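Contents: one structure, followed by commentary.
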Amino acid sequence: MSTDIGVWIAAFLTLGILSFLYKDNPFYKVSESIFIGVSAAYWFVYMIYNVIEPNLLGNLQKGEWWYAVAGILGVMMLFRLIPKIGWLSRWAVAFMIGTGAGLNFIVYLQSNVMKQIRGTLAPLNSIGNIMMIVGVITGLIYFFFSAEHKGLLGGAAKVGIWFIMVSFGASFGYTVMARISLLIGRMHFLFSDWLGLLH
Amino acid sequence: MDTRFWTKEKCKWRRKVLPLTAFIILLALWGTIRAQSPVDTLPPSPPTEVTAFDTPNDAGKNITINWKLSTDDGAGRNIVKGYDILRSESQEGKFEVVGSVVAGISTFQDDKVKNRRNYFYKVRAKDHTSSDSPTVGPVQASGQWYHKGKTVVLIFVVIFTALVIYFVESAKKGKKLYVRPIPGMDAVDEAVGRATEMGRPILYILGLSTISDVATIASLTILGRVAKKVAEFQSKLLVPCYNPIVMTVAQEVVKNAYLDAGRPDSYDESNIWFLSSSQFAYAAGVNGIMLREKTATNFYLGMFYAESLILAETGNIAGSIQIAGTDAVTQLPFFITSCDYTLIGEEFYAASAYLSREPKLLGSIKAQDWGKAGLIALIILGGFFASFHFDTFINLFTVGH
Amino acid sequence: MRRQIPLAITFIGGVVMIIQYFIPHQISQEIYRGVLDWQMIVGGFVLVLGIGSLVTHHTEKVKRQKEGWGYSLVALLGLVMMAIAGLFFGGMASDKPFMQIFIYAQNPIQATMFSLLAFFIASAAYRAFRARSFIATLLLLAAIIVMIGRVPIGAKIWSPIRVISNWLLDYPNMVAKRAIGLGVGLGMLSTALKIILGIERSYLGGGK
């Protein structure tokens with residue numbers, strides 16, 4: 001059995017979270033509350049040391065004055081705390097949303113449209129390839145919104161959703177083992193690191 | 001000191017070692033002579049057809065040098081060990097080696113140059129001796145203002161933007177648009193009504209992404225519609241947030257929805273709060289809320305990661321009605337198995353417009369459908385072109401080359 | 001003005017980010033990197049709002065002695081302790097209190113929360129098993145085949161299962177992912193355009 005107080009705390013908290021599977025109980029609630037409090041502070045401190053210090057202060061010290069604008073936007077967000085000028089925070093929000101939308105637009109166009117189309121274009125010379133083209137087309141038809149899914153369109157959409165369901169099933173089955181290995185990891189901690197029953 | 005013994009031994013040693021040393025020296029000499037055999041003293045033939053040019057579609061400060069391999073590289077006497085790339089700032093100036101590649105390689109990118117300055121290059125084929133190609137140049141590096149490999153993307157952007165604007169404008173002018181039912185969204189009224197009847201709150205999760213993620217904005221739009229229903233039904237809405245900016249925007253959106261519903265007094269900002277920026281702390285917190293507040297309906301709309309199943313299964317334990325929607329393909333299987341309704345990918349994006357019934361938002365759905373029709377046509381066309389090995393068409397979709 | 005300026009900022013921000021994609025020039029790359037940096041910095045500042053909200057939420061509970069206020073107190077204590085450890089006792093060095101708390105408290109809880117998925121994936125599978133519709137059966141069958149195909153014992157029981165499992169992953173699975181991906185792509189593009197063009201502006205809330 002471990003003599004390290006840290007391992008004991010870790011084991012206590014691990015059991016606290018696992019006890020949730022039985023039902024919500026004080027043991028879980030304490031672990032959850034510690035987690036929420038500690039993790040909030042963790043990210044706060046992390047941001048100060050890893051973002052604000054190097055990215056803002058570091059760049060300003062290097063004379064890259066335009067980083068001051070980012071600082072101003074950041075401070076503007078905090079104006080929300082002062083009701084009279086709270087509306088100014090919208091400028092910073094608009095900056096985040098606008099640039100985010102532009103970036104996403106380009107990223108998704110390349111990764112979700114161009115790449116997928118490129119991957120689908122294949123010679124119709126094997127059952128696999130023909131199925132791929134049929135599957136992608138019927139899948140796309142399932143996502144048609146401005147026409148009723150009746151007749152030929154309805155039939156195609158139905159085939160599309162079959163493909164989608166098989167895919168979901170396959171992904172599901174694929175993930176099971178990975179999830180079980182996570183649990184094995186925790187069990188190993190409890191029985192080996194803490195109790196010392198396994199070596 | 002008796003030295004005789006030593007002298008005698010020394011003599012013995014000499015007698016044994018001397019012939020051995022002589023043999024080794026002779027061997028070395030023979031090897032050296034062989035290595036300097038008349039055949040190998042000839043240098044390899046030089047690389048030919050050297051070209052140096054500004055690397056296209058880049059940020060600048062980069063020159064590409066291509067050449068044709070020496071005839072003694074992989075063929076001929078096959079003696080080339082590699083190539084040195086030499087650079088100078090004048091034709092006759094001092095050339096310095098700026099890089100080397102192994103035999104068989106016929107291209108090099110020099111990224112240690114300045115923009116808008118003349119450079120001359122030559123390429124040296126190396127063996128024991130070497131031979132240089134003729135000098136090429138002058139060549140200058142510069143950054144480009146347009147990436148020629150992205151023209152197809154640009155065309156797509158223009159066409160799609162035009163489609164969206166066209167359909168939004170025609171919808172504004174009053175053109176009727178049909179939108180097929182989206183199962184989860186038809187259930188919103190029922191879900192909110194049920195919560196009201198049971199006297200239990202509604203939980204709305206905006207996903208675990210930032211405000212820069214379009215999925216989060218789509219979710220915020222749906223939140224606005226749901227909040228309005230909640231305000232009308234006089235129910236309670238809980239929105240624990242993962243991201244502080246998303247929280248502030250969510251507060252604005254919900255407040256506005258209550259105002260629209262004519263019940264600004266019922267709005268309680270403390271019901272939209274920051275829970276955690278840590279993925280599993282957030283999941284742990286939401287689990288607690290679902291079980292302790294006994295939420296009647298849970299919405300999970302936005303971007304999700306591995307925590308999706310933890311949330312949705314706990315919601316099941318709590319007996320809540322669950323409506324999910326996400327563009328995270330990897331999480332969809334888990335929502336499908338654990339939720340009553342799941343908006344799959346594009347359905348989630350269409351949902352906000354569907355709920356609002358606002359013509360200008362519905363117009364964009366029509367544009368998406370035209371986009372899909374175009375893609376289907378491209379796939380069919382591409383399938384035929386690929387079958388006949390017409391690769392030019394297919395390569396159009398390889399971005400960035 | 002309170003709506004016009006934000007809408008203009010959104011429009012300019014969006015258009016600039018789209019245009020920079022087509023410009024390989026260094027200036028364009030600097031803008032791109034700069035914007036990403038700025039987004040991170042603003043994200044750092046707003047954590048203050050987050051912490052503020054969290055603290056208010058829990059202090060209210062404690063003050064009014066609402067149900068479970070004791071747990072709120074625990075959360076507040078955890079927050080204060082961790083913040084003090086990080087800001088005043090040696091920062092993020094691995095042998096200092098901050099990282100020790102991280103290693104022995106935050107990390108095990110995190111890993112255990114993640115591992116709960118092993119149980120939840122089982123309960124979700126059970127639920128799928130009870131579903132009686134055709135598409136639910138399709139999902140379940142595919143899941144079972146892939147699951148058995150991926151464990152060594154599966155191939156020992158019936159060797160073709162691994163081939164079928166791989167085929168399911170490589171073809172129908174891939175195909176559907178493509179279709180969903182393309183749909184998501186278009187949905188995202190049109191939503192992003194609506195945001196940039198100011199057609200979708202519900203995120204601004206009310207006001208003038």
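Side chains are part of it too, since the values below use all heavy atoms of this structure and drop only hydrogens, waters and symmetry mates. Below, read A as the first sequence line, B as the second, and so on, with proteins coming before strands; counting in each chain starts at 1. Source: prediction; values computed, not measured.
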Heavy-atom contact with chain C under 4.5 Å, split by part of [X]:
X         : answer
Ile9(A)   : both
Val7(A)   : both
Met47(A)  : side chain
Val75(A)  : both
Phe44(A)  : both
Met77(A)  : both
Trp8(A)   : neither
Thr138(A) : neither
Tyr142(A) : neither
Phe189(A) : neither

Would the distance check show the side chain of Arg150(C) and the main-chain N or O of Gly173(A) forming a donor-acceptor pair, the cut-off being under 3.5 Å?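 Judged by distance alone, no pair lies under 3.5 Å.
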
With distance as the sole test, does Tyr71(C) use its side chain to make a donor-acceptor pair with the main-chain N or O of Glu32(A) at under 3.5 Å?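 Between the backbone of Glu32(A) and the side chain of Tyr71(C) there is no qualifying donor-acceptor contact (under 3.5 Å).
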
How long is the span from the [atom1] atom in [X] to the [atom2] atom in [Y], to the nearest 0.5 Å?
X         : Y         : atom1 : atom2 : result
Ile48(A)  : Leu47(C)  : CD1   : CG    : 9.0 Å
Ile180(C) : Ile164(A) : CD1   : CD1   : 4.5 Å
Ile97(A)  : Ile196(C) : CD1   : CD1   : 11.5 Å
Leu21(A)  : Phe119(C) : CG    : CZ    : 5.0 Å
Gln106(C) : Trp43(A)  : CD    : CH2   : 8.0 Å

Shorter than 4.5 Å, heavy atoms on both sides: which option in Gly78(C), Ala125(C), Ser72(C), Gly68(C) has the most such pairs with chain A?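 Top option by heavy-atom pairs under 4.5 Å: Gly78(C).
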
Is [X] in contact with chain A via its backbone, its side chain, both, or neither, using a 4.5 Å heavy-atom distance?
X         : answer
Ile135(C) : both
Leu36(C)  : side chain
Met188(C) : side chain
Leu140(C) : neither
Leu76(C)  : neither
Phe134(C) : side chain
Val151(C) : side chain

With under 30° as parallel and over 60° as perpendicular, where do the rings of Phe102(C) and Tyr42(A) fit, or are they tilted in between? parallel

How are the rings of Trp38(C) and Phe95(A) set to each other: parallel, tilted or perpendicular (split at 30° and 60°)? tilted

Within-4.5 Å side-chain heavy-atom neighbours: Asn173(C) and Val166(A): no

Residue selection (most heavy-atom pairs with chain C, distance under 4.5 Å) from Gly102(A), Gly139(A), Ser111(A), Ala170(A):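 The residue among Gly102(A), Gly139(A), Ser111(A), Ala170(A) with the greatest pair count is Ala170(A).
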
